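Structure record follows, encoded as structure tokens.
Remember, predicted model here, so these are calculated numbers, not experimental data. In the text below, chain A, chain B and the rest are named by the order of the sequence lines, each starting its count at 1.
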Amino acid sequence: MIDPKLLSRDFDEVVQKLHKKRVSIELLTQLKSAYLNHKNLKNELESAQAFQNEKSRQFQNVPKNEIDDLKKELAVNKIRIAELNANVRETETKLEKLLHSIPNIPADDIPDGKDENDNLLLETVLIPREFDFEPKAHFELGEQNGWLDFERGAKLAKSRFTLIRGFGAKLERALINFMLDHNRACGFEEVSVPIITNSKSLFGTGQLPKFEEDLFKIEDEDLYLIPTSEVTLTNIFNDEIINSEELPIKLTAVTPCFRKEAGSGGRDIRGIIRQHQFYKVELVSITKQENSDEILEKMVECASSMLTKLGLPHRKMLLCSGDMGFSARKTVDIEVWLPSQNKYREISSVSNTGDFQARRANIRYRDGKNNRFVHTLNGSSLAVGRTLVAIMENFQTSNGNITIPEILNKYL
RNA sequence: GGACAGAUGGGUGAGAUGGCUUAAACCAAUUCCCUGCUAAGGAAUCGUAUCUGGUUAACAGGUACCGAGGGUUCGAAUCCCUCUCUGUCCGCCA
């Protein structure tokens, strides 16, 4: 949630910055007038309440014969308060609805652009190997080695659910342990969180109300399967005021993630690149406002160095304004090389949301005398399934075997 | 799932009989004093949000908030209703 005060203070600047994120001026103008309208009505309500309070206080020392007159007067004012109150609520919900649909304002150094083609290459790490045979796709290798069973996954649930078996399952578990150890070495505390969460938490991190269609909801309950542990990790602190000595708080967790993938149509239908359920090791940082950018760099480095340890070629991309997510003010994607597709594919995404989520989830810290909103950052340390894909494809041999990165030996 | 109890500020915890209680007291915290340093001691400040005035400061004032939402009343932390959560006991269970 952006700061509504910015609208009355620096309207033109907000318009200009959010234009980069494809938010229309009309919407922002609407929002501004809703804000001012609500403010005026609220002022009116408050003076009526002040009147009521002041007169009520007189009751104890007013002569008995004047009490009836006073009561009459206040009865009238009470009706006015009720009316104003109804109006204020109406304008408030209208304002909130608008406010909640506005994405975060991008940071100043974000390239303006429409989609992934306008992203900025920051760095390439490791050179993709040359194959002297036609590299196979992970789903072929997976079936050949008995690691991936798509038909039975679909039988058990539906398409986009996959059974991982035998050494594949063991490798997945090894990867998880490797990643968590790596993150711990980067200074992140390991947490085990619920993988079901309520609407308040999902609102806090920005998944609700706008992206409900991508969530699996528990029937008849105010509960959802988490789409990422970012939701539960970040909301650990909602409605809290954190002592500034405790910052930055750096957390890591592994959880299954659940996504409906509504609107992704037939994309990546084969294989395990895009699943309804997948394991992801996540990083979340809660920081003071002044060091979130620096922590973003560190988180990107933490994820990137993990891929380097695994020997996987990858690159870092600074996302352009049009390709960034709803809550982000700055995002760096890490893309891993997939030989079968002959291109880089997203395996990690690290975002600084600034105070956008903190404002929604009401997470603050005490900075001397003042309470300020924290900055929250989140990043996939790596999507486990996609890492599995990358290992299979990059380290396949001509007969379809897969060489396992040495660093994983002690986890197998 | 059944029975009972509870929910107050950063923490602990007072607030029969509704009004001067946004809320005592204690702890923590911040600032200052004292001390060569540490410890101890003393003084002051100290809920959140929002609006108005003031130089976007200090500060002053208004409003709302004592789990959430309704109700009664001129007036509710205090009375009534609904919900949520927590604790304890019983039942069930990995």
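Looking at A:S285, its side chain never comes within 3.5 Å of a backbone N or O of A:L377 through a donor-acceptor pair. Judged purely by atom type and a 3.5 angstrom limit, A:S348 uses its side chain to pair as donor or acceptor with the backbone of A:S380. The closest donor-acceptor contact from the side chain of A:R386 to the backbone of A:I273 lies under 3.5 Å. Not one N or O on the side chain of A:S229 forms a donor-acceptor pair closer than 3.5 Å with the backbone of A:T232.
Residues A:L408 and A:I391 meet the side-chain proximity criterion, which asks for heavy atoms closer than 4.5 Å. Between A:R152 and A:T162 there is no side-chain heavy-atom pair separated by less than 4.5 Å. In this structure the side chain of A:R364 never reaches within 4.5 angstrom of the side chain of A:V374, judged on heavy atoms.
With a cut-off of 3.5 Å on both Watson-Crick or G-U wobble distances, the partner of B:U21 is given as none. Pair assignment for B:A3: B:U88, on the basis of Watson-Crick or G-U wobble contacts that are both within less than 3.5 Å. Base pairing of B:C46 is not made with any nucleotide, judged by Watson-Crick or G-U wobble geometry with both donor-acceptor distances under 3.5 Å. Base pairing annotation: B:G67 forms a Watson-Crick or G-U wobble pair with B:C83, both donor-acceptor distances under 3.5 Å. With both pairing distances under 3.5 Å, B:G9 is matched to nothing as a Watson-Crick or G-U wobble pair. Pairing for B:U35 is absent, judged as Watson-Crick or G-U wobble with the two contacts each under 3.5 Å. In this structure, B:A60 and B:U52 make a Watson-Crick or G-U wobble pair, each of the two defining distances being under 3.5 angstrom. Nucleotide B:A94 forms a pair with no other nucleotide shown, judged by Watson-Crick or G-U wobble geometry with both contacts under 3.5 Å.
Listed pair A:N43 / B:U63 fails the phosphate criterion, with no side-chain N or O lying under 4.0 Å from OP1 or OP2. Phosphate contact (OP1/OP2 of B:A49, side-chain N/O of A:N362, threshold under 4.0 Å): absent. Within the structure, every side-chain polar atom (N or O) of A:K200 is placed at least 4.0 Å from both OP1 and OP2 of B:A68.
Rounded to whole angstrom, the span from the CG atom of A:N371 across to the C1' atom of B:A29 amounts to 12 Å. Remark: P of B:U50 and CG of A:L45 are 17 Å apart, rounded to the nearest angstrom. Atom CG of A:D3 and atom P of B:U56 are 17 Å apart (whole Å). Whole-Å rounding puts the A:K71 NZ to B:G19 C1' distance at 14 Å. With rounding to whole Å, A:I363 atom CD1 is found 16 Å from B:G10 atom P. Across the protein-nucleic acid pair, A:Q49 atom CD and B:U73 atom C1' stand 16 Å apart, rounded to whole Å. One can place CE of A:M1 at 10 Å from P of B:U50, the figure rounded to the nearest angstrom. Note: CG (A:N85) to C1' (B:C65) measures 14 Å, nearest angstrom.
If A:R364 and A:E54 are placed on RNA chain B by their nearest nucleotide, the residue sitting closer to the 5' end is A:R364. Mapping A:Q58 and A:S47 onto RNA chain B via the closest heavy atom, the residue that lands nearer the 5' end is A:Q58.
Annotation: side chain to side chain donor-acceptor pair (under 3.5 Å) contacts of A:D239 (sequence neighbours excluded): A:K200, A:N362.
Separation of the C1' atoms belonging to B:C80 and B:A14 is 24 Å when rounded to the nearest angstrom. B:C79 sits 15 Å from B:A5 when the P atoms are compared, rounded to a whole Å. Taking atom C1' on both nucleotides, B:U55 is separated from B:G70 by 45 Å, rounded to a whole Å. The P atoms of B:C65 and B:A23 are separated by 14 Å, rounded to the nearest whole Å. Using C1' as the reference atom, B:G10 and B:A29 are 8 Å apart when rounded to the nearest Å. B:U30 and B:U84 have their P atoms separated by 41 Å, with the value rounded to a whole Å.
Contact annotation for A:N77: no contact, since no heavy-atom pair falls under 4.0 Å across all strands. Residue contacts shown for A:Q52 are limited to sugar-phosphate atoms, with no base heavy atom under 4.0 Å away.
Defined by atom type and a distance below 3.5 Å, a donor-acceptor pair is present between the side-chain atoms of A:D222 and A:S199. For A:Y411 and A:D181, the side-chain atoms include at least one donor-acceptor pair closer than 3.5 Å.
With B:G75, B:U50, B:U63 as the candidates, the nucleotide lying closest to the side chain of A:K78 is B:G75. With B:G10, B:C74, B:U63 as the candidates, the nucleotide lying closest to the side chain of A:I241 is B:G10.
Annotation: cation-pi geometry satisfied between A:R360 and A:F203 (NZ/CZ under 6.0 angstrom from ring centroid, within 45° of ring axis). A:F216 carries A:K260 over the face of its six-membered ring, with the cationic atom under 6.0 Å from the centre and within 45° of the normal.
Proximity of residues 86-104 of chain A to RNA chain B (heavy atom under 4.0 angstrom from any strand atom) is restricted to A:R89. RNA chain B is contacted by A:Y35, A:K39 of residues 31-42 of chain A, taking any non-hydrogen atom closer than 4.0 Å.
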